[in-house]
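Counting starts at 1 for both ligands and their atoms, in listed order.
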Amino acid sequence: MKDEVQSPEDRSAKLKGMGCSRKRVEDVRFTQGRGNYVDDIKLDGMLVGDFVRSPYAHARVASINAEAALAIPGVLAVITAKDLEPLGLHWMPTLAGDKQMVLADGKVLFQGQEVAFVVAKDRYAAADGVAAVEVDYEELPVVTDPFKAMEPDAPVLREDLAGKTEGAHGPRRHHNHIFTWEVGDKDATEKVLAEADVVADEMVYYHRTHPMPLETCGAVASMDKVTGKLTLWGTFQAPHAVRTVASLISGIAEHNIRVISPDIGGGFGNKVGVYPGYICAIVASIVTGKPVKWVESRMDNLMSTAFARDYWMHGKISATKEGKITGLWCHTTADHGGFDACADPTKFPAGFMNICTGSYDIPVAFLSVDGVYTNKAPGGVAYRCSFRVTEAAYFIERMIEVLAIKLGMDAAELRRINFIRKDQFPYQSALGWEYDSGDYHTAWDKALKAVDYDGLRAEQAQRIEDFKAGKTRKLLGIGLTHFTEIVGAGPVKNCDILGLGMFDSCEIRIHPTGSAIARLGTISQGQGHATTFAQIIASEIGIPADDITLEEGDTDTAPYGLGTYGSRSTPVAGAATAMAARKIRAKAQMIAAYLLEVHDDDVEFEVDRFVVKGAPERFKTMKEIAFASYNQAIPGVEPGLEAVSYYDPPNMTYPFGAYICVMEIDVDTGEHKVRTFYALDDCGTRINPMIIEGQVHGGATEGYAIAMGQEIAYDDMGNHKTATLMDFFVPTAWETPHYTTDHTVTPSPHHPIGAKGVGESPNVGSVPAFSNAVHDAFRAFGLVQSHMPHDQWRIWRIAENLGLHS
Ligand code: CDP
């Protein structure tokens, strides 16, 4: 047989397993317009819902008059908080232990808040209905600044919490205060700071931005009154959790709810939370007996669904004269908007912000975070990061730069002398994490060499001379970053969401002819899971990746899992996939040994078959074993070849990277040009190098947008100033820099295949690299700290403030 004469290498190549840049199987559909997104779902008699939204950031709702709206042909219902109240659905629980109005209940707390839900025959009638609903508002004083919100006489935002001195995360010390979270050794850190040779003290602001997936959020709810079954299609990053929450909120038994996440056009954390639109679509379907669709517009998405960041991080970092860091202190003021709707594991109200010691061996540290209510949209999601890791990485990478200025040291050298050494792993950080593996010095040296760091510094020095001599008006910035991520939430003992432990799952069934289907508890939003998870199975059990169907996102068929966000898919569900495959391989080994009439231990796995040790001509392929398993392969052993794994990871994984951005800045216009962007990532074992590269390009482009122009901005009256793509910067191919990618491989010691996550690393690592490049360009002229986003106007203003225009 032709197959049997092939070498193991040839057979291995045919599998397209781990390490192969297999083309994305999803793209056949996506590039031919065959994707199936929520808005593609069309059901018989389907109605459409849309929101009346508040034009005010803080106002009392005196009255709502729906008469004119209901008179419009095609408008069937206008739902308000009063209608939801008898059902107990006018408020909903948030993932952060707060509660949030589904529809305005007496007052509104941010511009764009949902006030009433208009149900109509089509989108046009719904829009007419929305315009015709009359709402009487009485304006209240607005507070958009979290520091002013904490002043004694600040307006009371959450009247529903009046007198409550305890929140979900401990004591509240002011009417607009949500929680205080503290980690580390306060006294020891303050002592070290007081006695240090050098202390750098800076306020680092990571501005409010938005994940802005290309597809906005949406849902279609269909209540079948005959079967009593509710089917909910939606843009859900965690479909199983949505089903459980929907059951708990609505009282509908969980087995009677089927949640389906179809194709999702990007999530980036925006599609983790539960939004009023989902609840209203469900209620409207129950009330009307018809399927009801709700899909946001772009403005709705930017104004009301979850924002990211908005952390004011006051830092102090101490060091010896030689540059050895001795301590780190950080106090963060976190602006959460009108409701605390952050998406973090329950025990971590500021996510994994306590990874803020970064890649450095810092003996002692202390972090405290105060969550604060303001008249802004709620959220605080992990925008392509593992729960506030992005903020943490930006903070420490800016503090390192500020310390380098204070010490008069080269920032690359300062990093090098403070990196956690390879022999220190597993490394216990001062703020409580155990880093699994890393080799930072190797990655750093490789990165510096790749960009010719010494040459760049010499060129920069010459440029400064030329600038001073009037020969050029362009400065050169070298933005350095070494980041450490923490991804793969994870361990159930530490991480849960609303009491659901953060494990994940995979179920694999091998068909008689040797092909397979695998179902996972995660859901791809463009990351290519159908491509890469099949590759893990291919390598583990020797079935070609092309012969494996991968399904996610349907709670009636997929095993329970906590979903996809925070780069947890590969560290958790990827591990479950390998473990389920290994269970299958163990049974296949028994079957092969039985068929070959040898002991189980006398056969060994080789690419796609079990071979008798020492007799390579005697083997059974996985195809043969699969077929045999559907007969009575071994007397007394149950037929079939399938397995499921629910994987509770023993630890997070800690991917890392070294990013360097070289940027030219025109002092007179504030324009910038990224000359080089070098991104070295270490995500342990690499499953699909092409997909990893794509992830890095996408994440770095988001990082570029955030650092260089993108923001969610409000004026003092709480008006949202960036709710359209005219104002909210999204880079096109024109602005996007060219990226050079590179890697090192330091496997995770506890992950079955040694893989760490990668999807979020480029967002985490690129933002400080871009920002540090801007700062570095002006370092010689006295710039220490300037807030993002570094748009053209703000860069021009830096130059102006430094007196470089005169
Ligand atoms: O959870 P999410 O899918 O967003 O992030 P991830 O686990 O970092 O994976 C993003 C994509 O990169 C997936 O298709 C992974 O399978 C792939 N990947 C890889 O090929 N090798 C790794 N070591 C990590 C991720």
Engineer: Quick check: Y565 and ligand 1, any N/O pair under 3.5 Å apart?
Structural biologist: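 No.
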Engineer: So which bit of V758 gets within less than 4.0 Å of ligand 1, heavy atoms only: side chain, backbone, both or neither?
Structural biologist: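 The answer is both, backbone and side chain.
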Engineer: So, is G759 polar-close to ligand 1, with some N/O to N/O distance under 3.5 Å?
Structural biologist: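 It does: an N or O of G759 is found under 3.5 Å from an N or O of ligand 1.
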Engineer: Which is closest to atom 23 (N) of ligand 1 in terms of heavy atoms, N688, I687, T685?
Structural biologist: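 The nearest heavy atom belongs to T685.
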Engineer: Measure from NZ or CZ of R568 to the centre of the six-membered ring of Y565 and say whether it is under 6.0 Å with the direction within 45° of the ring axis.
Structural biologist: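 Geometry flag: set, cation within 6.0 Å and 45°.
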Engineer: Which of these, G528, S567, S761, has its nearest heavy atom closest to atom 5 (O) of ligand 1?
Structural biologist: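 Heavy atom nearest to atom 5 (O) of ligand 1 belongs to S567.
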Engineer: Heavy-atom distances under 4.0 Å decide this one: backbone, side chain, both or neither, for E760 against ligand 1?
Structural biologist: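 It is neither; nothing of E760 touches ligand 1.
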Engineer: In Å and rounded to the nearest 0.5 Å, what is the CD1 to NZ distance from I486 to K756?
Structural biologist: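 Reported to 0.5 Å precision, the distance equals 11.5 Å.
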Engineer: To the nearest 0.5 Å, tell me how far S386 OG sits from M652 CE.
Structural biologist: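 Rounded to the nearest 0.5 Å, the OG-CE separation comes out at 6.0 Å.
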Engineer: Have a look at T531 and tell me which of E26, R22, R24 forms a side chain to side chain donor-acceptor pair (under 3.5 Å) with it.
Structural biologist: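 Testing each of E26, R22, R24 against T531, the sole residue satisfying side chain to side chain donor-acceptor pair (under 3.5 Å) is E26.
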Engineer: Please classify the T564 to ligand 1 contact at 4.0 Å (heavy-atom distances, strictly less than): side chain, backbone, both or neither.
Structural biologist: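 Near ligand 1, T564 shows its side chain, while the N, CA, C and O stay back.
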Engineer: So for ligand 1, is P571 a polar contact partner (N or O within less than 3.5 Å, distance only)?
Structural biologist: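 Such a contact does not occur with ligand 1.
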Engineer: Mind listing the closest non-hydrogen atom pair of E391 and Y206 along with its distance?
Structural biologist: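 Scanning both residues completely, I find the closest heavy atoms to be CA-CD1, 3.8 Å.
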Engineer: Check P211 against A306 and note the closest heavy-atom contact, atom names and distance.
Structural biologist: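 Shortest heavy-atom contact: CD-O, 3.4 Å.
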Engineer: Tell me the contacting part of Q525 for ligand 1: side chain, backbone, both, or neither, using a 4.0 Å heavy-atom threshold, strictly below.
Structural biologist: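 Q525 to ligand 1: no contact under 4.0 Å from either part.
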